[in-house]
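Sequential numbering from 1 along the given sequence is applied to the chain's residues. Ligands are counted one by one from 1 in listed order, and the atoms in each one are counted from 1 as well.
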Amino acid sequence: MAKLWGGRFTKETDKLVDTFTSSISFDQKLAKEDIQGSLAHVQMLGECGIIADEEARQIQSGLYTILDKVDKGEVDFQLEHEDIHMNIEKLLIDEIGPVGGKLHTGRSRNDQVATDMHLYLRTKTKELIKCLEKVQMALINQSKENFETILPGYTHLQRAQPVSFAHHLLAYFWMFERDKERLQDSLKRINVLPLGAGALAGTTFPINRGRIAELLDFDDVYPNSMDAVSDRDFILEFLSVASIIMVHISRLSEELVIWSSQEFQFIELDDAFCTGSSMMPQKKNPDVPELLRGKAGRVFGGLIGLLTVLKGLPLAYNKDLQEDKEGMFDTVETLEGSLNLLVPLLETMTVNTEKMRNAVAQDYSNATDIADYLAAKGMPFRQAHEVIGKIVIYAVQKGKYLLDLTMEEYQSFSRLFEEDVYEYLTPEHVVDARKSAGGTAAAQVKQQLKLAESKLVKNN
Ligand code: ARG
């Protein structure tokens, strides 16, 4: 099959080379962006008098016909035409004749492919922001229902201090909020137009890059044509942000796995979101959060892959850059799928408030509070810490929790103890006493929830 660039060649390309260099199997995902970019380019060519108005009109109408066929899945892309750009150009020439060959005037595949990627990532970034917001909404809804639910808060995975479950869940809300901000910010750099850079040095035609930018709704054009065709920072940035999002998804998933274990039983995942074992009939496995945790691996892989591709590249375009695509597509799809699954997973889980409350009653996580109690009565905190340490050893030896010790026992450690210590030590009081800004006290969590909701409203 004749190549669009075949003029300089005396032989057919080796089949192995066709297969090895072709990107059409994966870059056909860019078909719509490619046509969208071409429509704007050709309109500009017509307006600038670089091609005749009538030619521009013919090419545009041909491109719309192809777009329609792409939508209907009627297009048969050819490996021999290497990539999406040459496939579309070939389809256009087949559709409208030799005038289709004017489309590529003043343009290179180098600035074309970069433009396609910018268009694709712009759309996907906006969609992913919406997906993140749905996860945030699910976290808010669960928080509202678990305002009064108390569970142990952990450090080192050891029970540390009781917290409100709403507070715990909202911690993830803020992680995803920062992720959204990162995506939003990256749009500034995505929304810059490479087209018009030509192969690397610009073009001899009197093109108007600003006009293409306007037609494609870009805020700006790359000021340097060499940078325009070789920059993939915007993809690196996306993969970095995606990796951070996957870290958050993975951490939350890890908690769901732990909480739903027999040992914890803090939550129960819905049957519709669990799977069974082929051998052990009693098993109900949290495969979904496990897989969400595992998916982080391939997303990090995409980031490391592209960093490695780019690190030694001289300016300007190099074919290595074709390797920017599969990792990016896979990351977009992995992220979309993961976020979309996280929403119903969170919405349908059952929270076992009693188990959580019992866990808090059966530990020493109120020890800090008696230290604070003595400190509030004038004992230096360091000394109070020492006294309570002794009380904890004593209680453990007696097989008692701190609320079970008698007043006599307390007073044998310090005369500062009075009856009010018991009220002080209930998990509810312990949680509610943490009224400092951003703390777990009900009043603070209520304020936090309000702030969280206002973040979502602002964006919608
Ligand atoms: N398929 C190529 C890519 O994805 C398009 C640009 C090819 N340019 C070139 N000069 N070979 O990067």
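Of the candidates Ile24, Asn110, Asp27, Ile84, the one placing a heavy atom closest to atom 8 (N) of ligand 1 is Asn110.
Note: no N/O pair closer than 3.5 Å links His85 and ligand 1 by distance alone. Geometrically, ligand 1 and Lys319 share no nitrogen or oxygen pair separated by less than 3.5 Å. Inclusion of Glu82 in the set of residues having an N or O under 3.5 Å from an N or O of ligand 1 is not warranted.
Each of the atoms 1 (N), 2 (C), 3 (C), 4 (O), 12 (O) of ligand 1 lies under 4.0 Å from some heavy atom of Gln322. The atoms of ligand 1 that sit less than 4.0 Å from any heavy atom of Ser23 are 1 (N). Near Lys325, the atoms of ligand 1 lying under 4.0 angstrom from a non-hydrogen atom of the residue are 3 (C), 4 (O), 12 (O). Near Asp83, the atoms of ligand 1 lying under 4.0 angstrom from a non-hydrogen atom of the residue are 1 (N), 2 (C), 5 (C).
Using modelled atom types and a 3.5 Å distance limit, the side chains of His118 and Tyr222 yield a donor-acceptor pair. For the 3.5 Å distance criterion, the side chains of Asn146 and Gln142 qualify, holding a donor opposite an acceptor. Side-chain contact, Gln136 with Glu177: a donor N or O sits under 3.5 Å from an acceptor N or O. Remark: the Trp259 side chain and the Gln265 side chain contain no N/O donor-acceptor pair separated by less than 3.5 Å.
With contacts defined as side-chain heavy-atom distances shorter than 4.5 Å, the pair Gln43/Arg211 qualifies.
Protein heavy atom in closest approach to atom 11 (N) of ligand 1: Arg109 NH2, 3.5 Å. Among all non-hydrogen protein atoms, the one lying nearest atom 12 (O) of ligand 1 is Tyr317 OH, 2.5 Å.
We find that Lys124 and Glu33 are not joined by a salt bridge, their nearest charged nitrogen and carboxylate oxygen being 4.0 Å or further apart.
Between the side chain of Asn87 and the main chain of Gln78, a donor-acceptor pair closer than 3.5 Å is present. At distances below 3.5 Å, at least one donor-acceptor pair connects side-chain atoms of Arg159 with backbone N or O atoms of Ala359.
Contacts between Asp324 and ligand 1, counted as non-hydrogen atom pairs separated by less than 4.0 Å, are absent for every part of the residue.
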